[in-house]
Amino acid sequence: MTGEFALIDRIRRQATRHPRVMMGIGDDCSVIDGNGHPLLVTSDLLLDGRHFELVKHGARAVGYKALAVNLSDIAAMAGTPIAAFVAVALPRSNAPAIAEELLAGMLPLAEEFGVALAGGDTNAWDGPLVVCVTLVGQSGPRGPVKRSGARVGDAIFVTGPLGGSLAGRHLHPRPRIREALVLDDLVTLNAMIDLSDGLAADLGHILEESGGLGAELESSKIPVHTDVHLPSTASSSTPLLRALSDGEDFELCFTVGPEAAERLRTNHALDVPLHEIGRIVSPSGLWLVDADARRELIEPRGFDHLETP
Ligand code: ADP
Ligand code: MG
């Protein structure tokens with residue numbers, strides 16, 4: 001294993017510990033014992049030129065995205081958000097105006113999801129805009145849904161269509177907080193993750209954290225977003241592979257046992273489409289199965305921040 005995930009693995013092995021940190025590195029949020037109430041903490045950094053282009057997209061869109069991607073990580077644990085902390089490195093030339101716009105992008109979303117803007121840090125420098133949001137939340141009544149709970153025989157579901165988000169969708173994802181809470185209330189969610197690096201990579205995290213399991217995905221069931229056909233995201237890859245690896249979809253991927261799967265097939269009461277795309281199997285590896293039952297092993301690849309272009 002190389003790249004970003006190998007580095008995170010090395011950090012994880014050396015990480016210091018505290019008895020009240022129930023879960024540290026390795027999931028969408030860490031889980032901290034807040035005197036009997038599990039607290040969720042997550043942090044995401046956005047860089048001009050990497051996750052957005054300030055000149056093209058404007059700081060308001062950046063403010064929205066910076067909070068939304070963190071809300072997506074809270075959703076991935078079936079939690080609800082409490083407080084956001086916003087650290088910024090502003091380009092010195094236009095610092096106050098950019099700061100105002102960031103805030104204008106963030107506040108409506110914070111209000112909608114009941115998040116207090118509770119702190120942060122402000123710096124200016126000669127470099128590009130950098131925004132880091134840390135979000136604290138609490139888990140739902142059934143406790144945090146982890147990446148590590150998938151079991152052999154589980155059905156795998158995703159919300160919404162995937163792929164092509166770089167055409168523009170990646171700037172205004174809808175955090176699936178409510179959807180995750182509805183699902184968590186309706187069935188036992190064995191494992192869940194939000195799709196930031198691409199379905200193949202993110203489902204790969206569930207498989208790895210669940211003890212080295214595998215998954216079979218039915219090619220025809222994977223929902224491909226129409227955005228993959230937009231000229232601005234043109235790629236030599238097929239639409240299916242784009243849905244598997246483009247990333248920044250910010251939809252949910254989760255696994256449930258057979259009875260829960262049956263329940264979700266008939267009644268899920270969600271406002272977003274729910275797609276059953278495959279099942280968890282015991283030999284490790286991620287397999288694509290086509291209509292003729294031909295199986296193809298795919299790399300659990302997606303976006304790797306340390307990959308050299
Ligand atoms: P996500 O895509 O859900 O935000 P990441 O892939 O960014 O998750 O991170 C995977 C895990 O590694 C998370 O638990 C995150 O908190 C942790 N992590 C990432 N970078 C670092 C770092 N530099 N130091 C400590 N933990 C980190
Ligand atoms: Mg995540």
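Both counts, for ligands and for their atoms, begin at 1 and track the order of listing. Keep in mind that what you see is a predicted model, and the values were worked out from it rather than measured. Index from 1, following the sequence.
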Q: Would you mind checking which non-hydrogen protein atom is closest to atom 23 (N) of ligand 1, with the distance to 0.1 Å?
A: I11 CD1, 3.7 Å

Q) Ion pair present between R265 and E276, side-chain N to carboxylate O less than 4.0 angstrom? A) yes

Q | Closest approach to the Mg ion (ligand 2) by D194, given as the N, O or S atom name | A | OD1

Q | E218 with R295: basic N within carboxylate O range, under 4.0 Å | A | no

**Q.** Within-cutoff protein neighbour (heavy atom, under 4.0 Å) for atom 12 (O) of ligand 1
**A.** yes

Q. Between E251 and R174, does at least one N-O distance fall below 4.0 Å, as a salt bridge requires?
A. no

Q | Cationic N near anionic O, under 4.0 Å, R178 to E112 | A | yes

Q: For ligand 1, note which part of V69 has a heavy atom under 4.0 Å away: side chain, backbone, both or neither.
A: neither

(Q) So if I count the atoms of ligand 1 from 1 in the order they appear, which ones are less than 4.0 Å from some heavy atom of D28? (A) 3 (O)

Q: Answer side chain, backbone, both or neither: which part of D27 comes under 4.0 Å from ligand 1, heavy atoms only.
A: backbone

**Q.** Polar proximity ligand 1 side, G26 side, N/O cut 3.5 Å exclusive
**A.** yes

Q.
Out of all atoms in ligand 1, which are within 4.0 Å of some heavy atom of S196? Include the element for each.
A. 2 (O)

Q.
If we set the cut-off at 4.0 Å for heavy atoms, which region of R147 has an atom near ligand 1: side chain, backbone, both, or neither?
A. side chain

Q) Does atom 19 (C) of ligand 1 have a protein non-hydrogen atom under 4.0 Å from it? A) yes

Q.
Closer than 4.0 angstrom, basic N to acidic O: yes or no for R147 and D202?
A. no

Q) Any idea which of I25, L7, I8, D197 brings a heavy atom closest to atom 9 (O) of ligand 1? A) I8

Q: Considering only non-hydrogen protein atoms, determine which one is nearest to atom 7 (O) of ligand 1 and report residue, atom name and distance to 0.1 Å.
A: E4 OE2, 4.3 Å

Q | Electrostatic pair R92:D126 at N-O distance under 4.0 angstrom | A | yes

Q. Do you see a protein non-hydrogen atom under 4.0 Å from atom 5 (P) of ligand 1?
A. no

Q: Examine all N, O or S atoms of D202, backbone included, and report whether one is under 2.8 Å from the Mg ion (ligand 2).
A: no

Q. What is the name of the N/O/S atom in D28 that sits closest to the Mg ion (ligand 2)?
A. OD1

Q. Are R169 and D227 close enough for a salt bridge, meaning some N to O gap below 4.0 Å?
A. yes

**Q.** Contact bool for atom 27 (C) of ligand 1 (protein heavy atom, d < 4.0 Å)
**A.** no

Q.
Counting C-beta onward and ignoring hydrogens, is there a side-chain heavy-atom pair between L40 and I82 closer than 4.5 Å?
A. no

(Q) Using 0.5 Å steps for rounding, measure from the CG atom of L67 to the OG atom of S72. (A) 11.0 Å

**Q.** the Mg ion (ligand 2) - closest N/O/S atom in D73
**A.** OD1

(Q) Angle between ring planes, F254 versus F157, binned at 30° and 60°: parallel, tilted or perpendicular? (A) parallel

Q: State, with a plain yes or no, whether a side-chain heavy atom of L162 is found less than 4.5 Å away from one of D246.
A: no

Q: Please could you name the atoms of ligand 1 that D44 approaches to less than 4.0 Å, counting only its heavy atoms?
A: 4 (O)

